[in-house]
Number of protein chains: 2
Amino acid sequence: MMSEGTVRPGGRTARVREAVLRAAGDLLAERGFAGLDLAEVAQRAEVGKTTVYRRWGSATGLVADLLVEMADSSVSRTETGSLLGDLRTNAHLVRRTLVDERQGALFKAVIAAATCDARTAAALHAFYATRVGEWAPCVTAAIERGEAPVGTDPHEVIRAVSAPLYYRLLASGDPLDEASAERAAAAAEAATRAGAFVR
Amino acid sequence: MMSEGTVRPGGRTARVREAVLRAAGDLLAERGFAGLDLAEVAQRAEVGKTTVYRRWGSATGLVADLLVEMADSSVSRTETGSLLGDLRTNAHLVRRTLVDERQGALFKAVIAAATCDARTAAALHAFYATRVGEWAPCVTAAIERGEAPVGTDPHEVIRAVSAPLYYRLLASGDPLDEASAERAAAAAEAATRAGAFVR
DNA sequence: ATCATAACGGGACTCCTGTTCCATTAAGTC
DNA sequence: GACTTAATGGAACAGGAGTCCCGTTATGAT
């Protein structure tokens with residue numbers, strides 16, 4: 001994790017952070033969390049090994065900072081006008097991310113790192129809170145349109161779309177094909193209409 | 001992973017395997033995958049360090065063998081007579097497992113290990129295929145009773161129950177309270193009735 | 001009971017991760 | 001542009017993970 005009181009954040013410090021996080025992301029995507037060697041990160045980032053150890057301390061610390069960076073980079077979101085349409089868009093977006101060679105491996109690695117360290121876990125949870133929060137409004141709108149019962153928890157609906165896809169990625173290993181994204185969206189929508197997510 | 005052609009599996013070899021897997025499980029639950037030190041495993045199992053390295057080779061190899069052991073130990077399953085009842089039983093069983101101090105940490109660690117190694121991932125997938133397969137019959141029975149549409153994929157229904165719970169454990173960090181298990185079962189049942197899991 | 005050898009155990013050895021020390025570079029200030 | 005010092009980089013160092021060698025133990029076969 002970055003130290004809090006950085007006195008000289010400009011110029012070089014920022015460049016070093018960018019280069020190191022980029023190298024760390026590449027390496028995580030290529031070899032997974034167990035294969036994250038800080039010395040190699042330093043070499044790829046063309047930065048002194050000492051710098052990496054001093055600023056981030058450990059592999060989990062580096063991943064935690066990477067997650068802060070990932071949470072900051074927001075993606076734009078479109079509205080289709082129907083709950084099912086929005087959930088399908090979300091499901092396919094998540095699926096494409098997880099299927100992507102680099103992104104999918106990166107997510108796996110980051111989640112693995114979070115299971116090993118409390119701080120990294122906190123950063124991961126914050127990341128997902130941000131992402132889920134970005135999509136929640138489309139459920140709120142659906143409630144207002146009468147497509148979902150009053151009292152439905154918007155966050156729970158969004159999580160319900162992602163959950164089956166992550167389960168496949170991390171646990172069961174079943175293929176993350178387009179049909180799985182369609183089912184995830186359809187199931188979440190059906191459960192929502194049935195009131196399964198009413199608080 | 002165990003070497004295939006074991007010529008003398010009896011007596012000592014079996015005792016060593018049992019002691020090592022037990023120690024590995026304990027250590028994984030206590031410190032997570034990143035903290036799995038094979039030398040310490042050997043010490044706790046009162047076994048030579050060389051033996052652990054020779055037979056399992058690496059941390060991921062050890063976890064893979066542990067997963068084989070976990071898949072072999074089956075849990076009995078009761079039938080309540082209704083789809084929702086069976087799914088609720090399943091959801092609460094999974095929740096209790098993941099919330100349990102030792103078991104929950106162990107599952108996290110095992111999943112982390114699987115993201116780092118193809119063989120370990122294969123063992124994990126086999127483990128879940130076994131577990132899901134054990135519960136699928138209750139969905140088949142529900143279809144025969146007319147509680148679910150013909151053509152519903154039983155495996156998909158069972159996975160849909162677990163998925164939100166694992167998502168909370170690994171990604172979002174939201175609490176795994178009893179309400180979350182209820183919602184998981186209710187959502188899966190509603191989606192099933194709506195035909196979201198028809199092939 | 002005897003034998004061949006699979007499997008284990010201890011200790012030495014190697015290599016690599018992570019730390020420490022100090023010289024060098026450049027950010028921020030005047 | 002000169003100055004202070006935060007931040008970086010290189011090199012030497014220490015500690016531990018993983019390997020190798022070879023003697024010892026105990027399994028399974030006769």
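First the proteins, then the strands, lettered A, B, ... as listed; each starts at 1.
To the nearest angstrom, P of C:dC16 lies 12 Å from CD of A:Glu40. Spacing between atom CD of B:Glu46 and atom P of C:dC8 amounts to 16 Å, rounded to whole angstrom units. Rounded to an integer number of Å, the gap from CG of B:Asp37 to C1' of D:dG15 is 13 Å. Rounded to a whole Å, the CD atom of A:Glu18 is 17 Å from the C1' atom of D:dA7. The distance between atom CD of A:Gln43 and atom P of D:dA11, rounded to the nearest whole Å, is 13 Å. Going from atom CH2 of A:Trp56 over to atom P of C:dT19 covers 15 Å, rounded to whole Å. Separating the CZ atom of B:Arg12 from the C1' atom of C:dA6 is a distance of 8 Å, rounded to the nearest angstrom. The CZ-P distance, from B:Arg55 to D:dG18, rounds to 18 Å in whole Å.
Direction change of the helix axis from one end of the helix from C:dA1-D:dT30 to C:dC30-D:dG1 to the other is 50°, with five pairs defining each end axis (rounded to 10°).
Counted within 6.0 Å of CZ on B:Arg44, heavy atoms from surrounding residues, nucleotides or ligands total more than 12; the atom is thus considered enclosed. Taking a 6.0 Å sphere around CD of B:Gln103, one finds it holds more than 12 heavy atoms contributed by other residues, nucleotides or ligands.
The phosphate of C:dA7 has neither OP1 nor OP2 within less than 4.0 Å of any side-chain N or O from B:Arg15. An OP1 or OP2 oxygen of D:dG9 is reached within less than 4.0 angstrom by a side-chain nitrogen or oxygen of A:Thr51. Distances shown here put a side-chain N or O of A:Tyr53 below 4.0 Å from the OP1 or OP2 atom of C:dG18.
Side-chain atoms of A:Lys49 stay outside donor-acceptor range of the base of D:dG9, with no qualifying N/O pair under 3.5 Å.
Here CG of B:Leu169 is found 14.5 Å from OH of A:Tyr166. Values are rounded to the nearest 0.5 Å. Expressed to the nearest 0.5 Å, how far CZ of A:Arg119 lies from OG1 of A:Thr60 amounts to 9.5 Å. To the nearest 0.5 Å, atom OG1 of residue B:Thr120 and atom CG of residue B:Leu66 are 10.5 Å apart.
The side chain of B:Val47 has C:dG9 as its nearest neighbour among D:dA17, D:dA7, C:dG9.
The residue among B:Thr50 and A:Gly48 whose nearest nucleotide of DNA chain D is located toward the 5' end is A:Gly48.
Using a 4.0 Å cut-off between charged nitrogen and carboxylate oxygen, B:Glu18 and B:Arg15 do not count as a salt-bridge pair. Between B:Asp177 and B:Arg95, no side-chain nitrogen of the basic residue sits less than 4.0 Å from a carboxylate oxygen of the acidic one, so the salt-bridge criterion is not met.
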